[in-house]
Number of protein chains: 2
Amino acid sequence: MGEQARQLSRERVLEAAVGIADAHGLGALTMRSLAAGLNAKPMSLYHYIRNKDELLDALVDRVFAEIELPEVGGDWRAEVRRRSVSARTVLARHPWALALVETRTNPGPATLRHHDAMLGVLRAGGFSLPMTAHAYAVVDAYVFGFVLQEASLPFDSADSANAVADSIMEGFASGDYPHLVEFATQHVQQPGYHFGGQFEFGLDLILDALAVHHGASHPSSIRPENGVPQRPGRSR
Amino acid sequence: MGEQARQLSRERVLEAAVGIADAHGLGALTMRSLAAGLNAKPMSLYHYIRNKDELLDALVDRVFAEIELPEVGGDWRAEVRRRSVSARTVLARHPWALALVETRTNPGPATLRHHDAMLGVLRAGGFSLPMTAHAYAVVDAYVFGFVLQEASLPFDSADSANAVADSIMEGFASGDYPHLVEFATQHVQQPGYHFGGQFEFGLDLILDALAVHHGASHPSSIRPENGVPQRPGRSR
DNA sequence: AAGCGTATCGTACTTAGTACCACTTACTTA
DNA sequence: TAAGTAAGTGGTACTAAGTACGATACGCTT
């Protein structure tokens with residue numbers, strides 16, 4: 001039959017690792033399961049990977065590599081938006097990655113390139129260094145935080161929410177968490193609900209606010225605090 | 001000798017667990033180390049905790065319990081701000097907690113109470129259900145994401161940044177990440193730099209933007225509009 | 001004193017990471 | 001072609017960690 005196991009390689013190892021993590025979660029990714037998935041024995045992996053920690057670092061970098069880079073020089077708002085949407089998509093595809101980001105603090109080349117590009121668009125977009133720091137921090141906190149919530153929220157769609165909400169509520173006198181109950185029944189459990197849909201709202205909210213602070217680009221629909229450019233009337 | 005180990009209790013077990021995690025990280029928290037810290041043997045813990053998973057769930061809830069609750073009925077902006085600042089402080093004090101939040105999806109009572117209070121202030125503040133969802137998502141994504149970044153960023157203060165920046169840069173031609181280099185040397189490595197300082201900027205940016213969308217409260221200089229009649233929870 | 005529930009733990013099994021070393025192969029180089 | 005060598009593979013076994021399964025110990029009641 002079809003000679004499954006051609007030669008191992010770092011690439012194949014990483015690929016298989018991502019596959020396992022995607023399919024069965026980080027917990028299922030053990031050196032043994034990984035080896036098994038490659039029709040190899042555990043110890044063979046150590047020719048391509050120093051140890052499991054290094055493997056995890058490599059996985060994080062691999063995920064970052066999937067995120068679209070913003071184009072330095074383009075419209076900062078559009079570019080930051082695009083890469084943020086991409087980041088969320090990618091991280092949602094590999095939910096385990098976020099857990100790693102927290103722990104691993106050895107950024108790989110893709111990660112560094114990513115950060116560099118983000119700083120690049122902002123600087124090129126006219127942000128001062130301090131404002132670049134602010135903007136970058138806000139946007140990324142939001143993006144990562146959103147994904148974090150998506151991952152940790154027990155529910156996501158209205159469907160799955162029902163089960164969870166029910167199970168949570170049955171344990172307590174329903175009067176204990178009135179707002180939670182209202183929120184669950186009147187909003188989350190409604191047909192079209194999908195938590196992920198919230199993402200772009202917040203992203204635009206933040207980008208608009210940044211644009212106002214920055215004084216350039218086009219805040220799409222917000223009236224700034226102190227009569228800077230007024231009206232949703234497309235400034236510029 | 002001085003009778004160290006008085007009776008165990010769930011409370012003492014949890015307390016010790018938090019202590020170990022705070023001091024040496026989540027990785028150091030094993031049933032054995034935990035038992036040792038309590039002058040007990042591993043298996044004794046299982047009288048107070050069903051298994052390690054349940055222990056972790058309990059720890060998360062314990063951390064949430066430390067966060068100041070917003071006061072339902074108070075000025076939504078001020079309350080949300082206060083609890084957000086508190087949340088960041090608490091999570092920064094227990095950096096390991098965030099890693100757990102991702103994994104554990106069994107909210108405990110403190111966690112539920114927390115969510116309920118947040119939804120409560122927003123509703124009482126006049127937010128519609130959909131806007132409450134938006135606001136809550138944005139704010140929490142930001143808060144959690146910020147902490148996540150704080151935790152994962154290898155550097156924090158200018159001091160520690162130097163070492164990291166140096167080590168990162170030496171491996172590569174310095175021309176590979178020009179913006180990163182500029183950012184590191186011109187901003188991060190400057191004397192007064194402290195990543196955590198960015199937090200309130202972003203938080204206020206978001207709260208202001210929400211206030212604008214909401215039309216009520218005081219973003220900074222906007223006058224409240226028509227108070228939307230609302231009635232907290234308590235269906236029927 | 002007998003009995004009982006609660007708390008504590010000794011032992012041992014299981015899963016996972018990985019050190020150590022042997023073996024196998026393919027590719028030199030003479 | 002024969003011998004040498006580097007690269008790749010894996011068998012064995014040790015260690016750490018979670019936890020099942022019963023004991024055992026320690027009070028309190030009756």
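These values consider heavy atoms only, across backbone and side chains, with no hydrogens, waters or symmetry-generated copies. None of these values were measured; they are calculated from a predicted model. In the text below, chain A, chain B and the rest are named by the order of the sequence lines, each starting its count at 1.
When rounded to the nearest whole Å, the span between CD of Q7(B) and P of dC9(C) equals 11 Å. In this structure, the CD atom of E11(B) is 15 Å from the P atom of dA7(C), given to the nearest Å. Rounded to a whole Å, the CZ atom of R10(A) is 17 Å from the P atom of dA7(D). The interatomic distance linking K41(A) (NZ) with dC21(C) (P) rounds to 22 Å, in whole Å. Rounded to whole angstrom, the span from the CG atom of L56(B) across to the C1' atom of dA17(D) amounts to 13 Å. One can place CG of L45(A) at 14 Å from P of dA16(C), the figure rounded to the nearest angstrom. Nucleotide dG17(C) holds its P atom 10 Å from the CG atom of L55(A), rounded to whole Å. For Y48(A) and dT18(C), the OH to C1' distance is 17 Å, given to the nearest whole Å.
Comparing dG18(D), dA7(C), dG10(D) by their nearest atom to the side chain of M31(B) picks out dG18(D). Listed candidates were dT19(D), dA7(C), dA16(C). Nearest to the side chain of R32(A) is dA16(C).
Between the side chain of T111(A) and the backbone N or O of D61(A), no donor-acceptor pair lies under 3.5 Å. Panel note: side chain E71(A), backbone E79(A); no donor-acceptor pair is recorded below 3.5 Å.
Side-chain atoms of S33(B) and T30(B) include a donor-acceptor pair closer than 3.5 Å.
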Heavy-atom protein contacts under 4.0 Å, nucleotides 20-28 of chain D, coded B base, S sugar-phosphate only, - none: BB-------
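Heavy atoms of S44(A) sit under 4.0 angstrom from at least one base atom.
Under the rule for a ring-ring contact (aromatic ring centres under 6.0 Å, His included), the partners of Y136(B) that lie at least two apart in sequence or sit in another chain are H115(B). Residues passing the side-chain contact (heavy atoms from CB on, under 4.5 Å) test with D116(B), sequence neighbours excluded: Y177(A), P178(A), H179(A), L180(A).
Two rings, from Y142(B) and F199(B), have their centers less than 6.0 Å apart. Side-chain rings of F146(B) and F195(B) approach one another, their centers coming within less than 6.0 Å.
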